[in-house]
K.L.:
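Structure in structure tokens, see below.
Indexing begins at 1, ligand by ligand and atom by atom, following the structure's order.
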Amino acid sequence: MASELHEARWWRPLGNGKLLCTLCPRLCEIPDGKAGFCFIRKNVDGRLVTLGYGKSTGFAVDPVEKKPLNHFLPGTGVLSFGTAGCNLGCKFCQNWDISKARIDDKRSEDGAPEDVVELALRSGCSAIAYTYNDPVIWAEYAIDIARVARDAGLKNIFVTAGYITAEARAEVYHYMDAANVDLKAFSEDFYRHVTLSHLEPVKETLVWLKRETEVWFEITTLLIPGLNDSDREIAEECDWIVSALGPDVPIHFTAYHPDFKMLDRPRTPASTLLRAREIALRAGCEYVYVGNVHDREGQTTVCPECGAALIRRDWHAIDSYRMNGNRCPECDSEIPGVFPRREDVKGEIRSSGGRWRVSLD
Ligand code: SF4
């Protein structure tokens with residue numbers, strides 16, 4: 001059952017009344033009665049508890065393209081939810097109303113893992129997405145749901161900044177089928193000053209996902225004018241992706257809007273996304289997408305062998321779907337990812353305007 005005082009994993013006592021949380025690289029040392037940086041992991045009488053366990057800030061059915069994932073069950077709906085708090089401190093956070101909230105501040109719905117899975121099945125979803133705030137900080141709850149979901153034939157998607165320790169990630173990703181990992185910039189300076197975290201652990205997570213797991217993953221970089229959108233930085237990021245992860249890892253360049261503590265920067269112009277896409281293609285990235293704008297060309301999956309347009313999209317909707325299983329129908333090249341049967345692809349899943357809000361009731 002959901003509980004406000006669910007004992008956390010990944011911690012140990014330091015012997016001075018403090019507990020060391022080893023879930024994320026922040027490695028908070030937490031005194032009795034206090035919570036860590038993320039607000040939801042708290043030292044209660046010498047034990048670490050996770051206050052977010054069993055508490056969702058609301059459920060929605062989203063198109064999987066909104067996560068964003070373009071090569072994982074495209075054209076299907078995923079049950080999406082988050083809790084409160086976050087282990088990063090991004091000044092531009094686009095979900096700050098929940099990431100910066102304490103769980104007590106949010107109107108939350110209690111949901112045992114079985115209830116969440118039942119809701120996903122009832123809503124016709126292909127997967128459950130742990131998203132909105134970073135699910136790393138409520139990994140215990142995500143794992144417990146994912147285990148039940150897998151038994152029920154559902155997939156599990158982790159939407160994350162990838163800021164997690166080696167100790168925790170093996171256990172967490174054991175239950176995940178796909179991930180979208182934010183690579184928020186390609187400079188330590190940006191990570192340190194704008195996200196209050198560090199770049200290197202994120203790179204380590206990405207390399208580990210590629211080399212040590214079967215988890216399908218795609219990368220998202222939110223481009224912020226003047227902060228992480230220079231030609232040089234984008235080229236360095238793409239060169240690293242190609243050499244460390246391979247050319248076939250999809251990358252999404254998405255548009256920022258002013259939010260939270262960063263209201264002094266303009267929205268990302270579409271031309272910046274196009275420029276980033278061209279740099280990535282020149283670097284050898286084979287699947288490069290733009291997001292948060294209408295751009296059919298920048299959202300189309302193209303066969304890198306023969307140039308055939310395989311999946312045409314407009315924002316999160318699919319206009320045409322020509323995949324033959326995992327293969328290009330023109331030249332029979334294999335396209336990396338997990339693709340559904342053609343009859344399971346819905347073109348019209350849109351989560352706009354709360355139309356797809358769903359509830360456990
Ligand atoms: S998960 Fe939360 S409490 Fe644990 S180290 Fe990270 S920020 Fe600190």
K.L.:
Would Ile251 end up clustered with Val302 when hydrophobic side chains under 4.5 Å apart are linked, directly or stepwise?
P.N.:
no

K.L.:
Would Arg313 and Tyr289 count as a cation-pi pair here, with the cationic atom under 6.0 angstrom from the ring centre and within 45° of the axis?
P.N.:
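Satisfied, under 6.0 Å and within 45°.
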
K.L.:
Using a strict 4.0 Å threshold on nitrogen-to-oxygen distance, state whether Glu188 and Lys203 make a salt bridge.
P.N.:
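No, Glu188 and Lys203 are not salt-bridged.
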
K.L.:
Can we say Glu218 and Lys67 salt-bridge, meaning some charged N sits less than 4.0 Å from an Asp/Glu carboxylate O?
P.N.:
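Salt bridge between Glu218 and Lys67, a charged N being under 4.0 Å from a carboxylate O: no.
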
K.L.:
Only one of Leu69, Leu245, Asn180 clears side chain to side chain contact (heavy atoms under 4.5 Å, CB included) with Phe217; which?
P.N.:
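Among Leu69, Leu245, Asn180, the one meeting side chain to side chain contact (heavy atoms under 4.5 Å, CB included) with Phe217 is Leu245.
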
K.L.:
Quick one: name the protein N/O/S atoms under 2.8 Å from atom 8 (Fe) of ligand 1, chain by chain.
P.N.:
Cys28 SG

K.L.:
Does Asn326 reach the main-chain N or O of Gly337 with its side chain, forming a donor-acceptor pair under 3.5 Å?
P.N.:
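Such a contact is found between Asn326 side chain and Gly337 backbone.
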
